[in-house]
Amino acid sequence: MKKILILYYSRTGNTEKMANAVAEGAKNDDVEIEISFHIDADNISSFDAIIVGVPTYHHDVPIDFKNLFEEVASKGVNLKGKVGGTFGSYGWSGEAPKLILEVMKNKFEMEIVQPPLLVRYMPDQAALGSCRGLGQKISENLMKKA
Ligand SMILES: Cc1cc2nc3c(=O)[nH]c(=O)nc-3n(C[C@H](O)[C@H](O)[C@H](O)COP(=O)(O)O)c2cc1C
């Protein structure tokens with residue numbers, strides 16, 4: 001069974017709502033989904049797809065997520081070829097999901113699903129539909145891989 005990690009951070013619940021919808025969309029009989037706000041660097045490589053949800057605060061990625069990817073890099077954890085995607089709520093600039101997707105692609109050589117999904121503030125029904133769509137797309141990409 002393939003495993004998908006949905007890892008997110010959310011201070012006021014907007015990105016959390018997105019994370020739950022991404023998980024709904026990703027569901028099918030052949031995948032196991034873990035949704036969490038924390039993962040140890042050593043455990044991240046046990047997943048076949050990693051979807052990261054991050055809101056943008058102060059034009060940046062939340063510090064815990066920077067630290068996680070620093071540690072993944074310094075420990076030489078291999079994420080090459082894993083499927084990756086990002087999403088997040090934002091107010092006006094929305095850099096964080098783009099920054100993480102860049103690191104996934106350029107540093108970890110993951111197979112990323114473009115573009116990052118950005119939703120302004122609280123996701124409405126249409127936005128939640130897009131979140132389910134992202135989850136489904138990533139799940140389908142994963143199924144196509146040997
Ligand atoms: C102190 C503060 C700083 C913020 N900085 C940014 C920012 O730099 N760029 C942006 O797009 N949104 C910014 N926002 C808006 C948040 O990204 C937005 O409220 C988002 O919905 C929060 O998502 P969450 O509920 O998942 O935490 C900021 C909000 C606060 C309270």
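One-based numbering, in listed order, for ligands and for the atoms of each.
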Do V22 and F37 sit in the same hydrophobic cluster, where Ile, Leu, Val, Met, Phe, Trp and Tyr count as joined when their side-chain heavy atoms come under 4.5 Å apart? yes

Do F87 and L99 land in one hydrophobic cluster if side-chain heavy atoms of ILVMFWY residues count as linked below 4.5 Å? no

At less than 4.0 angstrom from any non-hydrogen atom of Y121, what atoms of ligand 1 do you find? 18 (C), 19 (O), 21 (O)

among protein heavy atoms, the one nearest atom 25 (O) of ligand 1 is T12 OG1, 2.4 Å

Which bit of H58 gets closer than 4.0 Å to ligand 1, counting heavy atoms only: side chain, backbone, both or neither? both

Taking atom types as modelled and ignoring hydrogens, do the side chains of S93 and E95 form a donor-acceptor contact shorter than 3.5 angstrom? yes

Hydrophobic cluster membership, with links at side-chain heavy-atom distances under 4.5 Å among I/L/V/M/F/W/Y: are V103 and V52 in one? yes

Of all the non-hydrogen atoms in the protein, which one sits nearest to atom 15 (C) of ligand 1, and at what distance? G91 N, 3.7 Å

Any N/O pair R11/ligand 1 closer than 3.5 Å: yes

Could you tell me whether P55 and ligand 1 have an N or O pair separated by under 3.5 Å? no

ILVMFWY cluster, I50 and Y9 together (side-chain gap under 4.5 Å): yes

Looking at K66 and D60, is any side-chain nitrogen of the basic one under 4.0 Å from a carboxylate oxygen of the acidic one? yes

Charged N-O contact under 4.0 Å between D42 and K75: yes

Atoms of ligand 1 less than 4.0 Å from G94 heavy atoms? 10 (C), 11 (O)

Starting from atom 22 (C) of ligand 1, which protein heavy atom do you reach first, and at what distance in Å? Y57 OH, 3.3 Å

What protein heavy atom lies closest to atom 8 (O) of ligand 1? Include the residue and the distance to one decimal. H59 N, 2.7 Å

Any nitrogen or oxygen of E95 lying under 3.5 Å from a nitrogen or oxygen in ligand 1? Just yes or no. no

So which heavy atom in the protein is nearest atom 20 (C) of ligand 1, and how far is it from that ligand atom? S89 OG, 3.3 Å

Which of the atoms of ligand 1 are close to G13, meaning less than 4.0 Å from one of its heavy atoms? 25 (O)

Quick check: does E16 get an N/O under 3.5 Å from an N/O on ligand 1? no

As an exercise, state the distance from CE of M18 to CD1 of I6, rounded to the nearest 0.5 Å. 11.5 Å

Ranked by distance from atom 17 (O) of ligand 1, the top protein heavy atom is T56 O, 2.6 Å

Tell me whether L5 is reachable from V31 by hopping between hydrophobic residues (I, L, V, M, F, W, Y) whose side-chain heavy atoms are closer than 4.5 Å. no

Is it true that K145 and E111 make a salt bridge, defined as a side-chain N closer than 4.0 Å to a carboxylate O? yes

Just heavy atoms, cut-off under 4.0 Å: does S93 contact ligand 1 by side chain, backbone, both, or neither? both

So is there a nitrogen or oxygen of N14 less than 3.5 Å from a nitrogen or oxygen in ligand 1? yes

Give the atom numbers and elements of ligand 1 that come within less than 4.0 Å of a heavy atom of S10. 24 (P), 25 (O), 26 (O), 27 (O)

Would you find a donor on one side and an acceptor on the other, under 3.5 Å apart, between the side chain of R132 and the backbone of E24? no

Which residue and non-hydrogen atom of the protein lie closest to atom 6 (C) of ligand 1, and at what distance in Å? W92 CZ2, 3.2 Å

